[in-house]
Q: 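Before anything else, here's the structure in question.
Within every chain, numbering begins at 1; the chains are lettered A, B, ... in the order of the sequence lines, protein sequences first and strands thereafter. Please read all numbers here as calculations on a predicted model, not as lab measurements.
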Amino acid sequence: MTEGSNESLYQEIILDHYRNPHHKGLRDPFDIEVHHVNPTCGDEVTVRVKVVDGQVQDVSYDGQGCSISQASTSVMTDLVIGRKIDDAMEKAEAFLTLMQSRGTLEPDEDVLEDGIAFAGVSRYPARVKCALLGWMAWKDATAQAVAHTAEEAS
Amino acid sequence: MTEGSNESLYQEIILDHYRNPHHKGLRDPFDIEVHHVNPTCGDEVTVRVKVVDGQVQDVSYDGQGCSISQASTSVMTDLVIGRKIDDAMEKAEAFLTLMQSRGTLEPDEDVLEDGIAFAGVSRYPARVKCALLGWMAWKDATAQAVAHTAEEAS
Amino acid sequence: MTSTLPDLTATPYDVEGVRRDFAILSREVNGRPLVYLDNASSTHKPRQVLDAERAFLEQHYSNVHRGVHTLSQEATDGYEQARTTVASFIGARHDDVVFTKNVTEAINLVAYSMGNAPAGSQFHLGAGDEICVTEMEHHSNLVPWQLLAQRTGATLRWLPLTDEGRLDLTELDAVVNERTKILAFTHQSNLLGTINPVDVLVRRAHAVGALVLLDAAQSVPHFPVDVTALGVDFLAFTGHKLVGPTGVGVLWGRGELLAEMPPFMGGGSMIEVVEMASSTYAPPPERFEAGTPVISQAIGLAAACDYLSAVGLDKIAAHEAALTARLLDGLRRIDGVRVIGPDTTEMRGSAVSFVIDGVHPHDVGQTLDEVGVAVRVGHHCAAPVCRRYAVPATARASSYLYNTPSEIDALLEGIEHVKRFWGAA
Amino acid sequence: MTSTLPDLTATPYDVEGVRRDFAILSREVNGRPLVYLDNASSTHKPRQVLDAERAFLEQHYSNVHRGVHTLSQEATDGYEQARTTVASFIGARHDDVVFTKNVTEAINLVAYSMGNAPAGSQFHLGAGDEICVTEMEHHSNLVPWQLLAQRTGATLRWLPLTDEGRLDLTELDAVVNERTKILAFTHQSNLLGTINPVDVLVRRAHAVGALVLLDAAQSVPHFPVDVTALGVDFLAFTGHKLVGPTGVGVLWGRGELLAEMPPFMGGGSMIEVVEMASSTYAPPPERFEAGTPVISQAIGLAAACDYLSAVGLDKIAAHEAALTARLLDGLRRIDGVRVIGPDTTEMRGSAVSFVIDGVHPHDVGQTLDEVGVAVRVGHHCAAPVCRRYAVPATARASSYLYNTPSEIDALLEGIEHVKRFWGAA
Ligand SMILES: Cc1ncc(COP(=O)(O)O)c(C=O)c1O
Ligand SMILES: Cc1ncc(COP(=O)(O)O)c(C=O)c1O
């Protein structure tokens, strides 16, 4: 059982992204738009994805929720935009693994960049869903976009 | 909570009635015959009652079961046969009260005669039902016999 | 099994004496003394409750009801004595008290039993019949009725809320009507703190022949409750909210109703004669306690009732009212804080929900935790109430017998800290 | 929360060391040392279990799942860690383990969930469908299926017993057939001691597309059980029979089945989105844990699993087998005693039922109690088995990890005493 720790959940990086979110606001063009909700706290996010040639060309979003869900969505956009889909999905996996680690994992800054600030969140099961909200929406939208592109191509 | 007591449940009186039951065997004439079962242990008793002029003229029975149920039925016949129904019902009430006393009541020998040997049974909730099996069957049969006689009279 | 009860004769309310019985209250959280204000969710257990359960387990434990050996007799005595204690705590008869796992099971028990009732039974429900709840119910007193309505074809209706966080009774006669079979509502809202006018609702329900089930999860722990005085048909509460163990709840029902109700779960102890193809059932309360009951938890719950009785429920209620007044006053003085629910102590309990402009409730709760203050955040298992008041969630502080005025002050200071930290107002 | 576990490396099986962990075993009953042989009914709890529950309550308690404050996180961690421990005890995945009140609730959960399944669902039952059990079931694995059959119009069938106390499988293919939707049977009979051939029954059930529920109340406590190796679809057991607390049971189900099953009880924690008129439900295991779960009981159960693992289930099984052999041998040597059930240790556990000619089982049990020996008497919640073997009831002795050969001898001497006292033989 983890004893309460003095180290704040709210790292400066998280607060910065919360106060000044990156890539926020819904933009055109996009292939797919999804809307995800965290039923336990009412947090919501809408995510748009534009995929071109196996690459995440753009991600835009809007939403409301706690600092953790907002900041992690902002960090997510930094990590995936402009990247090959496979690479981006790997980042998503790395972030998911970190979130499920219950405070036992040392995150890799090379992979997760600002995302490492969320390591502490994994000690708080109630907040893990917040941190994953934007990521899950993005994965969902991207998977749909890929399927969609494949269909059009065939 | 009652601590286990050294005083045996099996008073000599109980053992005597169990080994040499009084009034056992089904007899004629009778008004009503009932059959009662204790579902928790399979004990059974059949009781016949003959009522004349508000008096319990005869009670006969047959059955199988543990020493407590057999002995208490034997004691019951001693206590009610030949008595006015109201008096007999009072004895039944006194026995019921004793059985529900969880070991806290000092029984009245003038009222319950050999029945006082069952005082210890009231400390054993699991056996109370055994001790009451014959009594309940008799009360049931007698109530029916009274209703029956009243009907015939009217 | 006598436990040492707090001596409270000396002072009107010796909150420090009470606190000493709860080991966890001397804990620190994030380097600060724990300020536990999450009592509407669950309460801590005094050593008297823990000791009673342990003494029972170390000296008298066995399964109950089915044995003739000494331990089995003693365990049965202990369990049934616990039933008597709990029954008298709410002014009820021993045989009318059923032990369940929690209040949620107690409510599901009534809902499933009604669903199992054959046509012609007073409990039977079908298309055209109505079940009535309120918009302020805990999910545990809402979802079981939704499921019952789905199973039977009955219609679920509800009484709405006013802007002030009270039941809106203007349409009472329309919503509770001749088609209503049961009216199920909460004595005290766990989110709003509102205490409902039981008498008005019982009168209307009984006038149209509907049964009344009262969810007393938030009332029995906090003030004296007497089932006869209330006039309801069923009442349910849960052990862990009244300094008792988890894993035990109570359904009380009128004896004559319980006697007619079909069983809910099948299994050991609830039967009379079992054949392979079918069975007959024991009388209540056994009929509704299938399987090995929550034996040591019932012992613990009885010890909890004894504990609360020794402290005095009247004193507890007065103590809580003072704390609630202090909190409501304090909140009123902080800009940008809004109370969701009644903002006076009139007909309300100690659960106070609030939101802070510009700070998400999750961030409120987490930031308060960083200064040692434990409040609950979220929809508090009453999502429709959040929707009604157009908030995604709330923060909720709820005090109990062991809280102090200075803990209320710590919360109020904590809220100022939250505002500073998040740059709100 | 680490607890001191018994050091059993020194000797092959240190029963005296084990006994020291169970305070109640040093009790006297009627002036004699307690000889507790009622373990098939319920078992005692070692101090490691009591300590684990108390430490949790005094240091980390709070309600789980819904809070962000520190205690709530710690309590959630503890509760979910308990689920992991219990899951690995039976070789299962964390998410496939549902905590219930007892095994009775676990079985009712499956039965009600099936009853709630809409037409078209793989769980749906109706007229023409069949539910199959055996004639040796505990009422808790019989009555829920009787009730389900009554609710849905399905037919209840059962596998009969041989004179030796085993399942009679000659008609297996007829009784378990294409119409069978579920086969529910016990791993080990609590009355006869018989261990059933799970593989044979699973093969037939799966060949006809039926689900299999295994009542493991009497197996998980006594020998290593692995859900994957068994190949069943559901498995249920109960905490109080494996040195754990009352008030906690376990339903394990295949993940893909649990995911498709409709909910049983409605309430807090089992929901996703709640509107007034209807709701959506959380994934398993939460979907099946309505209301505040059995939090500290789950902690206690995990400590019990850890305790048994430390002693070693293989060692426990071997120890029990030796005691059972000693008892069966001894009984065989006493005139007028008849064992109901298999009279060798082959494919049987430690529960040994017997009758003494001319002495009613109630009198057997009571007279044994007078010399300190605790056995259970009655129908052991398996009335049809008594009927099958034409006895009104039986006496049953059942040993466990803390019993000794000399306790078996005390029972055998006690039986001689019973015969003398009642003048039998
Ligand atoms: C085989 C079997 N199944 C089910 C049960 C019921 O267990 P519980 O009463 O804990 O639900 C028992 C024990 O009583 C049992 O031995
Ligand atoms: C009003 C109300 N009803 C029902 C419940 C459910 O209680 P439990 O989770 O113990 O079943 C609660 C608390 O969670 C409550 O506050």
Q: Do Arg47(C) and Arg54(C) touch side chain to side chain, with heavy atoms closer than 4.5 Å?
A: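 They are not in side-chain contact.
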Q: For the candidates Met265(D), Met276(D), Arg387(D), which exhibits the highest count of non-hydrogen atom pairs separated by less than 4.5 Å from chain C?
A: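 Winner by heavy-atom pair count: Met276(D).
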Q: Name the option with the most non-hydrogen atom pairs under 4.5 Å to chain D; the candidates are Val294(C), Leu57(C), Asn63(C).
A: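 Maximum pair count with chain D is reached by Asn63(C).
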Q: Using the six-membered ring of Tyr112(D), assess whether NZ or CZ of Arg151(D) lies under 6.0 Å from its centre and within 45 degrees of the ring axis.
A: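 Yes, Arg151(D) lies over the aromatic ring of Tyr112(D).
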Q: Measure distances from Asn108(C) to the heavy atoms of chain D and classify the residue's part below 4.5 Å as side chain, backbone, both or neither.
A: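 It is the side chain, since no backbone atom gets that close.
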Q: In terms of heavy-atom proximity below 4.5 Å to chain D, should Ser26(C) be classed as side chain, backbone, both, or neither?
A: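 For Ser26(C), neither part sits under 4.5 Å from chain D.
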Q: Report yes or no: does Thr134(D) contribute a side-chain atom to a donor-acceptor pair with the main-chain N or O of Leu159(D) at less than 3.5 Å?
A: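 Answer holds: no.
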Q: Do Asp369(C) and Arg32(C) meet the salt-bridge criterion of a basic N to acidic O distance under 4.0 Å?
A: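 Salt bridge: no.
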Q: Considering only heavy atoms, which portion of Val103(C) lies under 4.5 Å from any heavy atom of chain D: side chain, backbone, both, or neither?
A: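 It is neither, since no heavy atom gets under 4.5 Å.
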Q: Would you please indicate yes or no on a ring centroid separation below 6.0 angstrom for Phe288(C) and Phe264(C)?
A: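 They do not qualify: ring centres at least 6.0 Å apart.
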Q: What option among Leu156(D), Leu148(D), Leu71(D) has the most heavy-atom pairs under 4.5 Å with chain C?
A: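 Most pairs with chain C among the choices: Leu71(D).
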Q: So, does Thr280(C) use its side chain to make a donor-acceptor pair with the main chain of Val273(C) at under 3.5 Å?
A: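 Side chain of Thr280(C) to backbone of Val273(C): a pair is present.
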Q: Could you go through Tyr61(C) and Ser42(D), starting from their C-alpha distance and side-chain angles, then the distance that decides it, and tell me whether this counts as side-chain hydrogen bond (donor to acceptor under 3.5 Å, both in side chains)?
A: CA-CA 9 Å; Tyr61(C) 180 74; Ser42(D) 199; 2.5 Å; yes
Q: Between Val64(C) and chain D, which part of the residue has a heavy atom less than 4.5 Å away: side chain, backbone, both or neither?
A: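 Only the backbone of Val64(C) comes within 4.5 Å of chain D.
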Q: Relative to chain D, which of Leu34(C), Asn141(C), Val133(C), Val143(C) shows the most heavy atom pairs under 4.5 Å?
A: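 Winner by heavy-atom pair count: Val143(C).
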Q: For Phe22(C), enumerate each residue passing the ring pair (Phe, Tyr, Trp, His ring centres under 6.0 Å) test, keeping only those at least two apart in sequence or located in another chain.
A: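 Tyr307(C), Tyr402(C).
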Q: Aromatic ring centroids of His380(C) and His138(C) under 6.0 Å?
A: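 No; His138(C) has its ring centre 6.0 Å or more from that of His380(C).
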Q: Out of Thr246(C), Thr104(C), Asn102(C), which one racks up the most heavy-atom pairs below 4.5 Å with chain D?
A: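 Maximum pair count with chain D is reached by Thr246(C).
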Q: Among Ala374(D), Ala149(D), Gly372(D), which residue has the highest count of heavy-atom pairs closer than 4.5 Å to chain C?
A: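 It is Ala374(D).
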Q: For Glu74(D), is there an ion pair with Arg27(C) - N to carboxylate O distance below 4.0 angstrom?
A: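 Yes, Arg27(C) and Glu74(D) are salt-bridged.
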Q: Taking the side chain as every heavy atom from C-beta outward, state whether Trp158(C) and Val175(C) have any atom pair closer than 4.5 Å.
A: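 The answer is no, as the side chains (C-beta and beyond) never meet within the 4.5 Å cut-off.
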Q: In terms of heavy-atom pairs under 4.5 Å with chain C, which of Lys101(D), Gln150(D), Arg157(D), Glu53(D) leads?
A: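 So the answer, after comparing Lys101(D), Gln150(D), Arg157(D), Glu53(D), is Lys101(D).
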Q: Looking at chain C, which one of His379(D), Glu58(D), Gln146(D) has the largest number of heavy-atom pairs inside 4.5 Å, strictly under?
A: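 Counting heavy-atom pairs under 4.5 Å, the top option is Gln146(D).
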Q: Any sub-3.5 Å donor-acceptor pair from Ser269(D)'s side-chain atoms to Glu286(D)'s backbone N or O?
A: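 No; judged by distance alone, with no hydrogens or angles, the pair does not exist.
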Q: Heavy-atom pairs under 4.5 Å with chain C - which of Gly365(D), Ala383(D), Ser41(D), Gly247(D) has more of them than the others?
A: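 Ranked by heavy-atom pairs under 4.5 Å with chain C, first place is Ser41(D).
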Q: Against chain D, label Asn116(C) side chain, backbone, both or neither, depending on which of its atoms sit under 4.5 Å from a heavy atom there.
A: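 The side chain, not the backbone.
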Q: Measure distances from Leu142(C) to the heavy atoms of chain D and classify the residue's part below 4.5 Å as side chain, backbone, both or neither.
A: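 Only the side chain of Leu142(C) comes within 4.5 Å of chain D.
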Q: Which one, Cys381(C), Gly378(C), Ala277(C), leads in non-hydrogen pairs under 4.5 Å with chain D?
A: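 The residue among Cys381(C), Gly378(C), Ala277(C) with the greatest pair count is Ala277(C).
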Q: Are the side chain of Arg376(D) and the backbone of Thr394(D) linked by a donor-acceptor contact shorter than 3.5 Å?
A: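 Not a single qualifying donor-acceptor pair exists.
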Q: Any donor and acceptor pair, going by atom type alone, linking the side chain of Ser140(D) with main-chain N or O of Gly267(C) inside 3.5 Å?
A: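 Judged by distance alone, no pair lies under 3.5 Å.
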Q: Glu135(C) versus chain D, heavy atoms under 4.5 Å apart: side chain, backbone, both or neither?
A: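 Both parts, heavy atoms under 4.5 Å.
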Q: Using non-hydrogen atoms only, which part of Thr367(C) is less than 4.5 Å away from chain D: side chain, backbone, both, or neither?
A: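 Neither part.
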Q: Could you look at Ile295(C) and say if it's the side chain, the backbone, both or neither that has a heavy atom under 4.5 Å from chain D?
A: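 Ile295(C) touches chain D through backbone and side-chain heavy atoms alike.
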Q: Among Ser279(C), Pro263(C), Ala298(C), which residue forms the greatest number of heavy-atom pairs with chain D at distances under 4.5 Å?
A: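 Looking at each option in turn, the highest pair count goes to Ser279(C).
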Q: So which part of Thr43(D) gets closer than 4.5 Å to some heavy atom of chain C, the side chain, the backbone, both or neither?
A: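 Interface part for Thr43(D): backbone (N, CA, C, O).
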Q: For Pro293(C), is it the side chain, the backbone, both, or neither that has a heavy atom closer than 4.5 Å to a heavy atom of chain D?
A: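 Just its backbone gets close to chain D.
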Q: Please flag which part of Ile107(C) lies under 4.5 Å from any non-hydrogen atom of chain D: side chain, backbone, both or neither.
A: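 For Ile107(C), neither part sits under 4.5 Å from chain D.
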Q: Which residue out of Trp145(C), Phe99(C), Tyr36(C) racks up the most heavy-atom pairs below 4.5 Å with chain D?
A: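 Going by pairs under 4.5 Å, I would pick Tyr36(C).
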Q: Give a yes or no on whether the backbone of Ala282(C) and the side-chain of Arg287(C) come within a donor-acceptor separation of less than 3.5 Å.
A: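 A pair under 3.5 Å: yes.
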Q: Counting only non-hydrogen atoms closer than 4.5 Å, does Lys45(C) touch chain D with its backbone (N, CA, C, O), its side chain (CB onward), both, or neither?
A: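 Interface part for Lys45(C): side chain.
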